[in-house]
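Below is one structure; the comments refer to it alone.
By convention here, the first residue in the shown sequence is residue 1.
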Amino acid sequence: MSKREDIAGDIITKLDAVSSPIEFKKITREPFEAEELADPQFPSCFIQTGDETREPLSIGDTGSGTYRGTIDFLIVAFVKGTTTNIDTARNQVIEVVEETLDSDITRDGNAIDTQIVEATTDEGVIFPYGGVRIIVRVIYEFTRGSA
């Protein structure tokens with residue numbers, strides 16, 4: 001498996017292991033709509049591999065050698081709540097994702113660094129659901145042909 005896949009898998013594994021203060025009831029790599037979920041499936045999220053930039057670290061043939069990659073992973077999470085707790089539920093998701101992923105910035109030894117670089121909410125547009133978009137930036141190194 002490639003490091004990209006290993007990193008994506010580690011993000012899912014770590015978030016799936018969380019049980020407090022929230023527990024994701026559904027985690028997938030495939031997008032879905034909040035309206036498709038039953039109440040017991042909240043909170044839920046999907047993770048997608050996004051843009052990546054690469055730079056060669058070794059001198060010589062650009063088709064081989066060591067590279068540094070920076071990948072942005074998109075985490076889209078949904079909660080369901082009421083007018084009195086929806087904002088709290090969205091904030092809990094952001095905090096849980098950040099704290100969970102910060103606990104191992106190497107993504108099980110496959111990365112150099114992991115950073116939460118952006119967190120946005122739906123601002124109440126999809127009420128009674130709450131949506132959160134989190135961009136996780138992962139920097140890693142790989143040898144061409146194994147990424």
Applying side-chain contact (heavy atoms from CB on, under 4.5 Å) to Ala17 and not counting sequence neighbours gives none
Could you list all the salt bridge (Lys or Arg N to Asp or Glu O under 4.0 Å) pairs where at least one residue sits in residues 108-121, not counting sequence neighbours?
none
Do Ile22 and Val79 share a hydrophobic cluster (ILVMFWY, side-chain heavy atoms under 4.5 Å, transitive)?
yes
Tell me yes or no: between the side chains of Thr82 and Asn85, is some donor less than 3.5 Å from an acceptor?
yes
So do the side chains of Val97 and Ile116 get within less than 4.5 Å of each other, counting heavy atoms only?
yes
Do the non-hydrogen side-chain atoms of Ile75 and Leu101 ever get within less than 4.5 Å of each other?
yes
Quick one: closest heavy-atom pair of Gly81 and Ile86, and the distance?
N-CD1, 3.5 Å
Got a sec: does the CD of Glu35 have more than 12 other heavy atoms crowding it under 6.0 Å?
yes
Per the salt bridge (Lys or Arg N to Asp or Glu O under 4.0 Å) rule, what does the pair list look like for residues 66-85, sequence neighbours excluded?
Asp39-Lys80, Arg68-Glu141, Asp72-Arg137
Scanning both residues in full, the closest heavy-atom pair of Ile126 with Gly131 reads CD1-N, 3.8 Å
Can you list everything that forms a side-chain contact (heavy atoms from CB on, under 4.5 Å) with Asp87? Sequence neighbours excluded, please.
Arg90, Asn91
According to side-chain contact (heavy atoms from CB on, under 4.5 Å), who are the partners of Asp16, at least two apart in sequence or on a separate chain?
Ile27
Residues at least two apart in sequence or cross-chain that pass side-chain contact (heavy atoms from CB on, under 4.5 Å) with Thr100, listed by chain then number, are Lys14, Leu15, Val18, Val96
Pair listing, ring pair (Phe, Tyr, Trp, His ring centres under 6.0 Å) test, anchored in residues 73-104, at least two apart:
Phe32-Phe78
Where at least one partner belongs to residues 91-102, residue pairs that pass salt bridge (Lys or Arg N to Asp or Glu O under 4.0 Å), sequence neighbours excluded:
none
With sequence neighbours excluded, give me every ring pair (Phe, Tyr, Trp, His ring centres under 6.0 Å) pair touching residues 116-137.
Phe42-Tyr129
Any chance you could measure Ile135, atom CD1, to Asp51, atom CG, to the nearest 0.5 Å?
8.5 Å
Using a 4.5 Å cut-off between side-chain heavy atoms of Ile, Leu, Val, Met, Phe, Trp and Tyr, which other residues end up in the same hydrophobic cluster as Leu57?
none
What pairs of residues pass the ring pair (Phe, Tyr, Trp, His ring centres under 6.0 Å) test when at least one of them lies in residues 88-120, not counting sequence neighbours?
none
For residues 20-32, the salt bridge (Lys or Arg N to Asp or Glu O under 4.0 Å) pairs (sequence neighbours left out) are Glu5-Arg29, Glu23-Lys25
Would you say that Ile94 contacts Thr121 through its side chain, given a criterion of any heavy-atom pair below 4.5 Å between the two side chains?
yes
Flag the pair Ile11 / Arg107 as yes when at least one side-chain heavy-atom distance between them is below 4.5 Å, and no otherwise.
yes
Considering non-hydrogen atoms only, spot the tightest contact between Gly69 and Phe142 and give its length.
N-CE2, 4.1 Å
Side chain to side chain, Ile71 and Tyr140, heavy atoms closer than 4.5 Å:
yes
Tell me whether Ile12 shares a hydrophobic cluster with Ile134, the cluster being built from Ile, Leu, Val, Met, Phe, Trp, Tyr side chains joined at under 4.5 Å.
yes
